[in-house]
Structure formats: structure tokens, C-alpha cells
**Student:** 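Provided herewith is a single structure, encoded as C-alpha cells, for subsequent inquiry.
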There are 2 protein chains.
Amino acid sequence: MARHEADVIVVGAGISGLIAARTLLDAGLTPLILEADERVGGRILTEEALPGLPVELGAQWIGDTHHRMFALASELGVETYPQYDEGETSYELAGSGVLRESEFHNRFGGELAELEKVFRLLDELAADVPPDAPWLAPLAAEWDSVTAGAWYDNQGLSPVARTLLEICTVGILAVPTVEVSFLHLLFTIQTCGVTAELFAESEGGAQTTRFVGGTGEIPKRLAALVTDHLVLDSPVQLIEHSADSVTVHCRGGLVAAGRRAIVAISPTLAGRIMYDPPLPGSRDQLTQRMPNGSAMKAFFVYDEPFWRADGLNGQLISDVGPARMSNDTCLPGDDHGVILLFLEGEQARRYGRLPVDDRRAAMTEELVRHFGDKAARPEFYVDGEWSERQWTRGCYNANMGPLVWTTYGHALAAPIGAIHWASTDTATFWSAYMEGAVEAGERAAHAVIDELR
Amino acid sequence: MARHEADVIVVGAGISGLIAARTLLDAGLTPLILEADERVGGRILTEEALPGLPVELGAQWIGDTHHRMFALASELGVETYPQYDEGETSYELAGSGVLRESEFHNRFGGELAELEKVFRLLDELAADVPPDAPWLAPLAAEWDSVTAGAWYDNQGLSPVARTLLEICTVGILAVPTVEVSFLHLLFTIQTCGVTAELFAESEGGAQTTRFVGGTGEIPKRLAALVTDHLVLDSPVQLIEHSADSVTVHCRGGLVAAGRRAIVAISPTLAGRIMYDPPLPGSRDQLTQRMPNGSAMKAFFVYDEPFWRADGLNGQLISDVGPARMSNDTCLPGDDHGVILLFLEGEQARRYGRLPVDDRRAAMTEELVRHFGDKAARPEFYVDGEWSERQWTRGCYNANMGPLVWTTYGHALAAPIGAIHWASTDTATFWSAYMEGAVEAGERAAHAVIDELR
């Protein structure tokens with residue numbers, strides 16, 4: 001059996017764990033990252049669709065307020081470019097058939113105004129939610145006793161406005177709104193600034209910018225900085241811990257001893273590790289109640305972005321499906337046209353279960369309806385489903401149902417003895433995004449540095 | 001490292017695993033049970049409050065339709081006795097102060113009639129739910145898209161009737177109704193027969209009968225029948241499996257090889273085992289979405305059951321709390337008076353976190369309000385909280401939130417290659433009860449016997 005020693009054992013080599021390790025190294029402490037998978041990156045996964053044409057099966061964008069990520073990219077020498085956003089969005093809603101954005105706005109102006117009103121109300125309510133302690137919001141008990149879906153249902157919205165609201169929200173949470181607490185929705189809005197950042201029909205604040213070479217460059221280059229402190233293929237099974245020490249046991253026999261652990265994986269996966277002594281009941285029940293979302297991304301690569309010539313931006317919003325939303329994800333300096341279709345929530349679950357050819361055929365039909373016959377002839381297709389991946393088990397993040405924040409939220413990020421928690425799901429600014437992963441990794445590392453100094 | 005071989009490796013020595021092992025043995029197959037804990041029984045836990053006076057921190061009763069449990073008790077030579085049920089229930093609801101049952105019925109007859117009407121409607125709807133496939137109910141999609149709480153809220157009930165309905169339901173599910181799908185509630189009712197069995201204010205169909213010597217006699221005597229095939233203190237960490245073999249690895253190094261595995265623990269705990277090859281995404285996302293409930297039982301032991309002389313049955317129903325319900329759990333042939341207070345759902349979570357003395361003091365006050373000053377002087381007190389127990393992590397059972405049954409329910413009991421699933425949470429008759437544990441253990445064992453014969 002291999003036995004390693006380090007100051008701090010970090011579990012997971014997603015951005016959060018990598019940042020934690022790098023921060024510890026910079027402070028003169030020795031980290032050791034144990035990663036279950038054979039690769040780094042966690043919920044970031046860049047694949048080459050064609051030579052020189054990377055597509056993002058996982059996290060893809062950053063937004064204008066993602067300051068930590070901009071700084072990190074700059075430090076690592078990863079250049080950025082803006083998301084393409086010219087032309088009209090294509091709609092297919094409420095039996096209207098396919099409509100261009102301008103027609104849709106003419107026909108459904110009243111419904112869009114309803115939506116705006118809800119967004120403003122959400123912003124107002126979310127402003128009262130402390131992002132580091134949502135359970136302390138003055139109305140936390142009330143907001144946590146209702147699902148986001150039930151709250152939406154009670155706003156007296158027209159069916160079209162309610163449907164649009166569902167599509168926008170599922171696009172963020174990757175689960176239907178009836179599965180999450182209204183307080184959790186408000187927390188999500190609050191950690192990201194305002195609803196406009198999240199829910200904008202066109203590319204909003206969360207999705208303005210991409211990385212040259214692919215998002216995977218970020219974890220790859222980060223890993224290079226800590227490469228002497230990183231072991232892949234080492235799933236953690238057991239963490240023995242005392243007030244001032246941890247011994248971490250992996251499948252395969254690797255044992256790593258240290259003074260602290262930082263567990264930088266999603267709460268549900270953290271709950272699958274055995275702890276000795278066992279963790280408090282409230283922490284355990286919390287990890288039983290933070291399921292990861294259901295998301296797939298599907299990429300169609302064409303010889304050119306033919307929709308642009310028609311004045312379309314490659315985005316669709318649909319209640320017909322399979323995809324409810326799409327995006328133009330072409331690369332600058334490359335001639336190919338790339339359309340990304342999102343399958344989220346029930347759509348990911350239903351179509352994820354189908355044979356890939358059936359799934360692809362259903363999405364091809366949808367693309368043809370929106371963008372014409374050329375859409376039927378892609379050069380390349382690839383999709384990625386996250387619940388099948390053993391060391392992720394769902395994307396984009398963990399969502400809380402009713403009463404979880406108010407009952408168990410206090411156990412989300414609070415260290416237990418020598419064990420600290422990271423992962424974007426524990427962040428207070430852009431939780432669920434890469435930005436949150438950086439914040440959480442830094443926060444956990446600094447807490448450990450303070451303790452060991 | 002110890003290496004064991006058997007035909008079938010059974011994970012968990014609760015009733016479900018013990019029954020599975022016994023059934024396999026009877027069929028001429030060799031089982032090996034691996035139990036994580038240092039004891040058998042799972043969610044059954046009998047402790048001696050005073051010498052000769054057992055109390056049940058876990059499962060306690062059976063009901064008249066629990067045919068498998070009656071047969072099992074008879075076979076094992078465990079005698080039964082009826083639950084005491086004479087006298088009036090004590091109420092404290094809607095600011096009424098403490099009222100006896102007769103007064104309460106006079107004052108709130110209209111509200112009780114509302115409740116009866118809801119029960120009849122629930123029975124009617126539940127009759128359309130196939131207990132082995134709730135997702136095939138004609139209205140499954142609709143019922144699974146709303147929480148039980150939201151459905152209750154929409155019945156136009158008076159506040160008192162709504163409160164009573166919440167208390168009754170939380171008494172069954174051990175989580176607030178906003179945390180569970182309405183389809184899950186209907187499934188629960190359907191697997192148990194009718195609402196009257198579950199929701200009766202007085203001892204209903206689920207709680208008519210107790211075991212002489214304590215419920216713990218059942219797993220103890222069952223374990224004696226399979227004692228050569230049982231290893232305690234062996235938490236399973238990894239199951240390697242192929243179509244026709246399993247290799248099960250425990251903390252501490254024990255390895256057990258067999259032709260099949262039966263995993264007889266709650267779905268959330270089953271999801272914490274590592275599987276190689278990994279299980280399908282739908283199975284994994286299911287186990288992320290079946291949190292165990294939140295329940296505590298607290299026992300006050302007095303020198304006599306003084307409430308009986310006052311014409312009270314020892315039961316209370318309260319919206320003041322801490323306990324929402326109680327029970328007279330005296331033993332026949334013993335002079336002591338024993339009151340059991342239930343803390344369920346939010347009550348278990350809130351009071352479970354307090355120091356035991358504070359919790360006990362709050363419940364003592366409640367007992368005094370209902371049963372008089374004598375209630376302030378118990379000889380003995382004991383309580384048990386289940387989320388702290390590492391190898392259980394919540395009681396009474398696993399509940400599904402919205403969209404879980406319809407999206408992932410198919411993955412609950414279906415075998416995956418050589419791995420079969422048991423535990424009461426997978427049962428189709430009295431799921432969540434001991435009766436369901438027996439059914440599930442028998443079902444899994446017979447499926448394995450059919451495959452290996």
C-alpha cells in the first residue's frame with residue numbers, strides 16, 4: 001500500500017480542489033489532491049468534435065461579474081472571446097409554430113411584460129437573502145415552505161408567461177421548479193446578482209465569454225501548477241479524522257495522512273464517503289437532500305453557421321422540444337457552424353434514456369423547424385449526459401428542496417473538526433458556476449491556512 | 001485479508017436481509033450477510049429502560065393485515081399482545097388549550113368531518129395507484145407534479161382540519177408534506193390498504209399489536225437461524241459485479257465472493273456503496289432523491305399509568321408540541337406507566353439538535369399540560385434519534401419528492417445484473433413497515449433462487 005503524507009489532503013480535482021491546492025501551496029503548505037477520475041476538471045469537460053474544434057460537454061461560459069475567473073484565466077494565459085449574440089432568437093411556444101423574436105414580441109408582448117414583472121419581484125425578494133446564510137432571511141421560513149413551482153403557480157400568470165418562466169428557470173437549475181424550494185431559487189438569484197444575469201432570454205450575465213482552446217484549459221493549466229501534488233484514479237472511500245489530523249483511504253489501497261482535509265466535491269458525493277468518527281446527523285441528512293441536477297448538452301457541427309445569414313443568432317426557446325434552449329457556439333477563426341442544444345430537467349431524463357440515434361433524430365427535427373433543411377446535415381454530432389458519469393452523477397449543481405436550507409443549511413459549508421468543505425455548491429457568490437468553485441476553494445484553503453499557521 | 005465465499009452476499013442484517021438469507025438457506029443456497037453495525041435489526045432497536053421493561057427506539061407495532069409478520073412471530077415463538085386503547089385522546093390545537101376527545105369532537109365536529117372527506121377522497125385516488133409501479137397510475141404525471149402539502153392546501157380546508165391533516169401525515173412519513181410528492185402519499189396509502197389504516201386518530205390498522213419481550217426479539221431470533229452466515233462490523237464499501245458474480249469489499253479488508261448480491265439497506269445508503277462497473281445514471285439519481293425521514297421517539301417511564309384512572313388513553317394530538325402525538329406503551333404484567341412521545345419531521349430536527357435535558361424539559365411540560373403534575377416525575381427517560389446512527393441515517397423510511405416516482409421509480413427494485421435490491425423501501429405492501437421488509441426480502445430471495453436454480 002502506498003502511503004502519502006501532506007499538510008492538507010484535498011478530495012477532488014475540479015476547479016475548487018485545484019484552486020484550494022494552489023492556494024495552500026502559495027502559502028507554504030503541502031497539499032495532496034486525490035482525484036477519483038482519470039482526469040482533472042470535474043464538471044468541466046472539453047472534447048474535440050473535429051481536429052481543432054473543441055466543444056464543451058460541461059461548463060462553458062463565464063459572465064462579466066466573474067472576476068475570479070477572469071483573473072485566473074489571465075494568470076494562466078488562457079485568452080477569452082465574447083459569445084456570439086447577433087440576430088434574432090427563434091421561438092416555438094404555445095402552439096404558435098416557429099416565430100422569429102420580432103414576431104414573438106409583437107404577439108406575446110403582454111406575456112413578456114408579465115415575465116419582467118416577476119423578474120423584478122424576484123430581485124426584490126432575493127435582496128433579503130443573505131448568500132452565506134439564506135436561513136436568516138426575514139421570510140426564510142415562509143419561502144422555504146413552498147416550492148419555486150408552487151410560488152410561480154400562485155403569481156396569476158398567463159400560461160405562456162408561466163411556461164417561459166419554467167423554461168428560463170430550468171435552464172439555470174436543471175431540474176423542474178417543483179423540485180426546488182422557493183428560498184433556494186431566491187438564494188440562486190442573490191448569489192448571482194440579479195435575475196437579469198440569469199434569466200435574460202438572450203445571452204445574459206452568466207454567459208458572455210468563452211475560453212480560447214476550450215474551458216478545459218483552465219483545469220489543465222491549474223493542474224500543471226500542482227502536478228507534483230496530484231494523484232488521479234484514487235476514489236476516496238474513508239476519511240478517519242480527529243481535531244488535528246486526517247487519514248484518507250482510497251480504493252486500491254492508497255492512504256494519505258495530513259493535518260486537514262478539504263472535500264471539494266458535490267455534497268451528495270461527499271455524503272458517500274465513510275467518515276470515522278461519523279459526521280453529525282444534520283450534515284448527513286443535508287447530503288441526502290442535495291441531489292445533483294439533470295443536464296445534457298448536444299452539439300451539432302455544420303460546415304458553416306448558415307443561420308447567421310438568415311439573421312438568426314442560433315438561439316431557440318421552445319416548449320415543444322426536445323431542447324428548450326439552444327446556442328450558437330461557433331469558434332472564432334473557424335468556419336464551422338456549431339449549435340448547442342440544452343436538455344435539462346425532465347428533458348435530460350427522458351431523452352437521456354433513449355438510444356443516441358433516436359435522441360439525435362428528435363433534435364435534428366427540432367433544428368430543421370427553426371433553422372431550415374441545412375440543419376438536417378451536420379458533419380458531426382456529440383452529446384454528454386452527466387448522471388452516467390460515476391464521479392459527477394449529475395449537473396449543473398445541487399439543488400435544495402423545501403425546508404432543506406432552513407433546517408440543514410447551516411451544515412453545508414461549516415468545517416467539522418479537521419474536515420473542510422469546498423465545491424461550487426458551497427459558494428456564496430455565483431454558487432453553481434465556475435466562479436463559485438474558485439470562491440469556495442479559496443475560502444476553504446484560507447480557513448485551513450488560518451488554522452495551521 | 002479474510003476471504004469468504006457464498007452463493008449470495010446479503011448486505012444488511014435488518015429484517016429484510018435476515019429474511020432474504022433465511023429464504024435462501026431454506027432453498028439450499030448459501031448466503032452470507034454482511035452487516036455494517038455491531039448488531040442486527042436495522043431500524044428495530046429495543047432497549048431496556050428498566051430491568052424487564054423494554055422500550056422500542058425503532059419499529060414497534062404491527063397491524064391486523066401484517067400477515068407475514070404475524071406468521072413470522074408465530075414461527076419464531078414471539079408472542080404478541082394488543083396495544084392499549086381505552087379512554088380518551090387529549091387534544092391541544094388551534095389555541096384551544098387542552099381538551100379531551102369528547103370536548104374536542106363537540107367543538108370541532110365540522111373540521112373532523114372535513115378530514116373524513118379528505119380521507120375518503122385519498123382512498124379513492126390511491127386505488128388507482130399500482131403499488132408495484134406507481135408511475136403507471138392514469139394520473140401519475142399530474143399527481144407527481146405537486147407536493148402532498150400543496151395538494152392539501154388546495155382542498156379548501158379550514159385551518160384546524162389542515163393542521164390535523166398535517167399532523168396525521170407527518171406521523172406516517174416523518175417529513176413535512178411539502179417535502180413529498182402527492183403521488184408518493186397516494187402510493188403509501190395504497191400499499192397499506194386504506195387511509196383508515198394509517199391516519200386513524202386512535203390506534204389504527206398499523207399499530208394494533210406488540211411483541212412480548214420487545215420487537216428486537218424478531219431480528220434476534222431470525223439471526224440465530226442464520227448465525228453461521230452472518231458477519232457483523234463489516235461496512236460494505238465496494239461491490240464489483242458481472243452478470244453472474246459479485247465480489248464485495250468491506251472496510252477492514254473482508255472480501256466476500258458470490259454469484260449474486262442482495263442489497264437490503266435503504267436506497268440512500270445503497271447509493272453510498274461504490275459499484276464497479278458503476279450503476280446506470282437513473283439508478284444513481286434515484287438514490288440521490290430518496291432521503292430518509294426525520295424521527296425520534298422519547299419514552300417517559302412512571303411508577304404507574306396514572307392517566308388511565310383519569311379515563312385517558314395516553315394519546316395526545318397537538319399543534320403546540322414539542323410532540324405532535326403520543327402513545328401509552330405500558331407492558332402487560334408490569335406496573336409501570338410508559339408514555340411514548342413522537343418527534344417527527346421538523347419537530348425531530350429542531351429538538352434533536354437541543355441538549356437532551358432541554359428536549360426532555362420541553363416534553364415534560366407538554367405531558368404535564370395533558371396528563372397532570374404526576375407527569376413531571378418520571379422514573380426514567382430515554383430517547384433515540386436516528387439520523388445520528390451511522391448505519392441508518394434517518395427513519396422511518398425513504399420518501400420521494402415530486403417527479404421521482406415517475407422519472408426514476410422504475411429503478412427502485414429492478415435488479416441490475418447480479419445485484420438485487422431489498423429493504424422495506426422497495427416493498428409493494430406496507431412499504432416502510434416491518435411487513436414490507438419481509439415482503440422485500442422474500443421477493444429478492446425468490447428472484448435470486450429462480451436465477452440460480
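Each chain gets a letter, A, B and so on, in the order the sequences are listed, and its residues count up from 1. Every value quoted in this text rests on a predicted model; they were computed, and no experiment measured them.
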**Student:** Does any backbone or side-chain atom of A:S145 lie under 4.5 Å from a heavy atom of chain B? Answer side chain, backbone, both or neither.
**Tutor:** backbone
**Student:** Using 0.5 Å steps for rounding, measure from the CD atom of A:Q390 to the CG atom of B:L279.
**Tutor:** 8.5 Å
**Student:** Count the heavy-atom pairs under 4.5 Å between each of A:G401, A:G394, A:P280 and chain B, then report the option with the highest count.
**Tutor:** A:P280
**Student:** Quick check for you: to the nearest 0.5 Å, what is the distance between A:N292 atom CG and B:Q285 atom CD?
**Tutor:** 7.0 Å
**Student:** State the NE2-CD distance between A:H249 and B:Q237, to the nearest 0.5 angstrom.
**Tutor:** 9.0 Å
**Student:** Sort by residue number and list every residue of residues 346-353 of chain B having at least one heavy atom under 4.5 Å from chain A.
**Tutor:** B:E346, B:R349, B:R353
**Student:** Please list all pairs meeting salt bridge (Lys or Arg N to Asp or Glu O under 4.0 Å) that have one or both residues in residues 386-404 of chain B, counting only residues at least two apart or in different chains.
**Tutor:** A:D284-B:R393
**Student:** What pair of heavy atoms forms the shortest contact from A:L403 to B:V178, and how long is it?
**Tutor:** CD1-CG1, 3.8 Å
**Student:** Could you grab the distance from atom CZ of B:R272 to atom CE of A:M274, nearest 0.5 Å is fine?
**Tutor:** 10.0 Å
**Student:** For the interface with chain B, which of A:A150, A:G271, A:G149 has the highest count of heavy-atom pairs at distances below 4.5 Å?
**Tutor:** A:G271
**Student:** Flag the one option from A:R283, A:E179, A:E385, A:M290 with the top tally of heavy-atom pairs under 4.5 Å to chain B.
**Tutor:** A:E179
**Student:** Check each atom of B:V175 against the heavy atoms of chain A and say whether the ones under 4.5 Å are side chain, backbone, both or neither.
**Tutor:** side chain
**Student:** What closest approach, in Å, do B:G293 and A:R289 show between heavy atoms, and which atom pair accounts for it?
**Tutor:** CA-NH2, 4.2 Å
**Student:** Taking every heavy-atom pair that is under 4.5 Å apart, which of B:P278, B:S181, B:A398, B:P176 has the most such pairs with chain A?
**Tutor:** B:P278
**Student:** Using only heavy-atom distances, determine whether the side chains of A:Y408 and B:S387 contain a donor-acceptor pair under 3.5 Å.
**Tutor:** no
